[in-house]
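This report refers to the structure that appears directly beneath it.
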Amino acid sequence: EAGVTQSPTHLIKTRGQQATLRCSPISGHTSVYWYQQALGLGLQFLLWYDEGEERNRGNFPPRFSGRQFPNYSSELNVNALELEDSALYLCASSYDHFYGYTFGSGTRLTVV
Amino acid sequence: GENVEQHPSTLSVQEGDSAVIKCTYSDSASNYFPWYKQELGKGPQLIIDIRSNVGEKKDQRIAVTLNKTAKHFSLHITETQPEDSAVYFCAAQAGTALIFGKGTTLSVSS
C-alpha cells in the first residue's frame with residue numbers, strides 16, 4: 001500500500017512569491033491534515049480537509065490556504081511568502097478523523 | 001485551547017538503559033494521546049497511542065501510561081537500542097486536531 005506522498009521534496013522561493021505544495025493521501029483516507037514544522041517549534045497544526053471541505057484551521061494567517069480535490073488529494077498554498085515561512089510542511093491522512101494519522105515525508109520550503 | 005508540554009527536550013542514554021519522556025496537557029476533554037517517532041529526513045511515524053479509558057498500553061519494548069487526573073502521559077522505552085535514536089513527539093487530541101509537543105531528541109549510544 002502506498003503511503004502519503006508529498007511533492008515537491010524541496011522548494012526554494014523568494015520572499016513575496018507564492019508556494020504550492022501537494023499531498024496525496026493513502027487510498028481510502030478522506031481526511032488530510034497539514035502541519036508546519038519549524039525549527040524548535042514542533043508541529044503546528046495548519047489545516048484539516050475532509051470530503052472536500054475545510055473543517056478546521058490553526059492559528060495561521062489567511063495567506064495560508066488550500067483545497068482538497070475530489071480524489072482526496074490536497075494542495076497547500078502559501079501567498080506573500082515571508083522568511084519565517086521556511087519550514088518542513090507535513091501532510092497527514094487518516095481514515096477516522098485524527099486517529100491513526102499517517103504522515104508523508106514532507107516538503108522542505110526555504111524562503112530567501 | 002489545548003497546550004502540550006514535553007520534557008526533556010534532549011535525552012542521552014546508554015544502549016540497554018530505559019528512556020522516559022513525559023508530557024502534560026491542559027484540556028481535560030482530550031481523550032486520545034499518540035506518540036510519534038521522527039527519523040532524520042522522514043515524516044513522523046506513529047509508534048503507540050492510548051485512549052482515555054485505558055491507563056497503560058504496552059507494545060514490546062514500548063509502553064505508554066496515562067494519568068487523566070494529573071493530565072500527564074509518559075512514553076517508556078526499555079532495553080534501548082541505537083536504532084531508537086530519533087525525535088519523539090507526544091500529542092493530544094484537541095477537538096478535531098492533534099496538538100503536538102515540541103519533541104524530545106533521544107540519543108542512544110552503544
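First the proteins, then the strands, lettered A, B, ... as listed; each starts at 1.
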For [X], I'd like to know if atom [atom1] has over 12 heavy atoms of other residues, nucleotides or ligands within 6.0 Å.
X: B:K22; atom1: NZ; result: no
X: A:L83; atom1: CG; result: yes
X: B:Q60; atom1: CD; result: no
X: A:N71; atom1: CG; result: yes

### Query
Any salt bridge (Lys or Arg N to Asp or Glu O under 4.0 Å) pairs touching residues 70-82 of chain B, not counting sequence neighbours?
none

### Summary
Applied to residues 80-105 of chain B, the salt bridge (Lys or Arg N to Asp or Glu O under 4.0 Å) test, sequence neighbours excluded, yields B:R61-B:D84

### Message
Need one label for B:Q38: side chain, backbone, both or neither, based on atoms under 4.5 Å from any heavy atom in chain A.
### Response
side chain

Distance-only check: which donor-acceptor pairs under 3.5 Å involve side-chain atoms of residues 15-25 of chain A, not counting sequence neighbours?
| from | atom 1 | to | atom 2 | distance (Å) |
| --- | --- | --- | --- | --- |
| A:Q17 | OE1 | A:T14 | N | 2.8 |
| A:Q18 | NE2 | A:N79 | OD1 | 2.9 |
| A:T20 | OG1 | A:N77 | OD1 | 2.8 |

### Summary
What one should report as the nearest heavy-atom pair of B:G43 and A:L90 is CA-CD2, 4.0 Å

### Query
Which residues in residues 45-57 of chain B have a heavy atom less than 4.5 Å from any heavy atom of chain A?
B:L46, B:R51

### Message
Please determine whether residues A:L43 and B:Y32 belong to a single hydrophobic cluster, defined as Ile, Leu, Val, Met, Phe, Trp and Tyr linked transitively by side-chain heavy-atom distances below 4.5 Å.
### Response
yes

### Query
Which word best sums up how the rings of B:F100 and A:Y101 line up, parallel for under 30°, tilted for 30 to 60°, or perpendicular for over 60°?
tilted

### Summary
So, the part of A:Q6 with a heavy atom under 4.5 Å from chain B: the answer is neither

### Query
Between A:Y35, A:Y33, A:F45, which is the residue that forms a side chain to side chain contact (heavy atoms under 4.5 Å, CB included) with B:L98?
A:Y35

